[in-house]
Amino acid sequence: MGKAFINTRYLMAPLLIIITALGLVLGGIYVWTGVALFVIGIVIDTLTIKLHPAGAGMDKNGNSNANANLQNSVMYLMLPIFIALQLIFIYRLYEYTTATELGMMYLFNSIPIEVGITGVELLGATLSTGIFAGIGIIYGHELAHTKGFSFVISRLMMGLSGSAHFCYAHVYNHHLELASEDDPATSPRGRSIYRHFWLSHMGQSKFLYQMEAQRLKRINSPFLSFNNRWIRGYLMSLPTIFLFVWAGGLYGVACLFLIWTVSNFELEALNYMEHYGLIREKGQPIDYHHSWDNDSLFTSWFFIEIGRQADHHDRGETHFWELDNVGAPNPGWGYFTEFVIALVPPVWHAVYKKKLRSWDREFASEGELLIAEKINKKAGY
Amino acid sequence: MSSFKAICVMAIWTATIAYGLFCLGAHEMYADPLWAICIASALLLTHMGNMFLYFKIAGEKPYQWFKKSEA
């Protein structure tokens, strides 16, 4: 497989985010582009369920097939792209609240753009923005594993969705406490995706809150200060809140609430699917079997190999294009397909009851089995 | 139950701030950039306040995989 193709395939999500933004620019029915692309994603992911390609891999000389400069540049570029997506949405919101008369204009005398927006179209634009702001979180996650300037970019990116706390919680909590009660991002058996969304989001924010309380106490700095990274994280969201309020008033607040809910729901859905029901004894090392790998074709390319969770948790600071299959448990389905299943908890539990029974049999240590027995009883598994 | 209690208190806190903003006429003045920044700051503080309330009221209980009696 040519290097050009390997590098291009990881541009799928950025390209679709740009297409979604263009849909908002064109207006009318095109504001639903993001929603339509998401549905198409579910269909393609399900149709290609049996294809499990390898990661980017190496060439004959032992160099990565991925172009590090290109892939890194794309990650940094995602910040201005997300800002642009929000600004375009905000313009549409402004049109709605100022009751701009519906009409048509032509860009460069040829591209038709609908002026003004109806209530239904505003809903479509909100959902499209929320869905692709949420998908963009994968880049925030990737950069959260870096240090210095890149880490700040990651925080700013997550701040656009009101979740800048994620960057610290993910690296210093999730990666250290994975598959145990101390990791709010790991869902125990029996929990629904909806409950997990709430608990994981709140739990990760709580982690940073407590971490900062302890750190600031240690350095004799007041909690209410600019040194507080929990506070600074939320302040990163202030420009976004300001723009939504300024452009839309109450409607703006409602749209922001919906966009943040959708994007954070997607983020927590990923956490849910990556570690659902897996167990690790406290004090025992993190192993490959504490993550569900997900390496189906569309998921791997769209989510920039984020599904290779076991390798990612083993080598957290390794670039996504270097991750590979390490023989971790694998549900065999892509994230889009699994997401739809997770939305219906009885179906999810019926499916995972069987998968976790296999995990208990094939992967669990004696200590993990003891915990599994107790939690299975509680969850009715 | 601890989560439910916390969510109830969060709802009261949010409704109080929303009522306060309404009384000040924020819903009519939002297009003024100065008002918008004040409203945005109030909303952000409400959000952070909600987080704080949840942490304090719900505590560790929602995150425990087993009740103390089951552990």
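Bear in mind that the values here come from a model prediction, so they are computed numbers and not experimental data. Throughout, a chain's letter reflects where its sequence line sits, starting with A, and its residues are numbered from 1. Just the heavy atoms: all of them, side chains too, but no hydrogens, waters or symmetry mates, feed the values below.
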Please state whether the side chain, the backbone, both or neither of [X] comes within less than 4.5 Å of a heavy atom of chain B.
{"X": "A:Leu256", "answer": "neither"}
{"X": "A:Arg191", "answer": "side chain"}
{"X": "A:Leu243", "answer": "neither"}
{"X": "A:Thr98", "answer": "neither"}

Open item on the list: Run A:Tyr234 and B:Leu45 through side chain to side chain contact (heavy atoms under 4.5 Å, CB included) and show every step you take.
Closed with: CA-CA 9 Å; A:Tyr234 282 111; B:Leu45 283 173; over 6 Å; no
To the nearest 0.5 Å, what is the distance between [atom1] on [X] and [atom2] on [Y]?
{"X": "A:Ser237", "Y": "B:Met48", "atom1": "OG", "atom2": "CE", "result": "9.5 Å"}
{"X": "A:Leu208", "Y": "B:Met51", "atom1": "CG", "atom2": "CE", "result": "11.5 Å"}
{"X": "B:Ile39", "Y": "A:Phe242", "atom1": "CD1", "atom2": "CZ", "result": "10.0 Å"}

Open item on the list: So for B:Glu28, is it side chain, backbone, both, or neither that comes closer than 4.5 Å to the heavy atoms of chain A?
Closed with: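 Interface part for B:Glu28: neither.
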- [ ] Sort B:Leu44 into side chain, backbone, both or neither according to what part of it lies under 4.5 angstrom from a heavy atom of chain A.
- [x] both
Heavy-atom neighbours of [X] [atom1] exceed 12 at 6.0 Å:
{"X": "A:Leu250", "atom1": "CG", "result": "no"}
{"X": "A:Phe257", "atom1": "CZ", "result": "no"}
{"X": "A:Tyr251", "atom1": "OH", "result": "no"}
{"X": "A:Phe223", "atom1": "CZ", "result": "yes"}
{"X": "A:Tyr194", "atom1": "OH", "result": "yes"}

TODO: Identify the two heavy atoms, one from A:Thr97 and one from B:Tyr30, that lie closest to each other, and give their separation to 0.1 Å.
DONE: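 Minimum heavy-atom contact is CB-OH, 4.1 Å.
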May I ask you to test the [X]-[Y] pair for a side-chain heavy-atom distance under 4.5 Å?
{"X": "B:Ser3", "Y": "A:Leu199", "result": "yes"}
{"X": "B:Trp65", "Y": "A:Lys378", "result": "no"}
{"X": "B:Lys56", "Y": "A:Lys206", "result": "no"}
{"X": "B:Tyr63", "Y": "A:Met202", "result": "yes"}
{"X": "B:Glu60", "Y": "A:Glu181", "result": "no"}

Task: Greatest number of heavy atom pairs closer than 4.5 Å to chain A - which of B:Ile37, B:Asp32, B:Leu21 - done: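 Heavy-atom pairs under 4.5 Å are most numerous for B:Ile37.
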TODO: Would you please indicate if the ring centroids of A:Trp198 and B:Tyr54 are separated by under 6.0 Å?
DONE: yes
- [ ] Could you tell me whether the side chain of A:Trp246 and the main chain of B:Ala36 form a donor-acceptor pair under 3.5 Å?
- [x]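 A pair under 3.5 Å: no.
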Open item on the list: Check for me whether A:Lys374 meets the cation-pi criterion with B:Phe66, that is, NZ or CZ under 6.0 Å from the six-membered ring centre and within 45 degrees of the ring axis.
Closed with: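 Yes.
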Open item on the list: Between A:Gly248, A:Ala247, A:Ala379, A:Gly162, who has the most heavy-atom pairs with chain B when the cutoff is under 4.5 Å?
Closed with: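 The residue among A:Gly248, A:Ala247, A:Ala379, A:Gly162 with the greatest pair count is A:Gly248.
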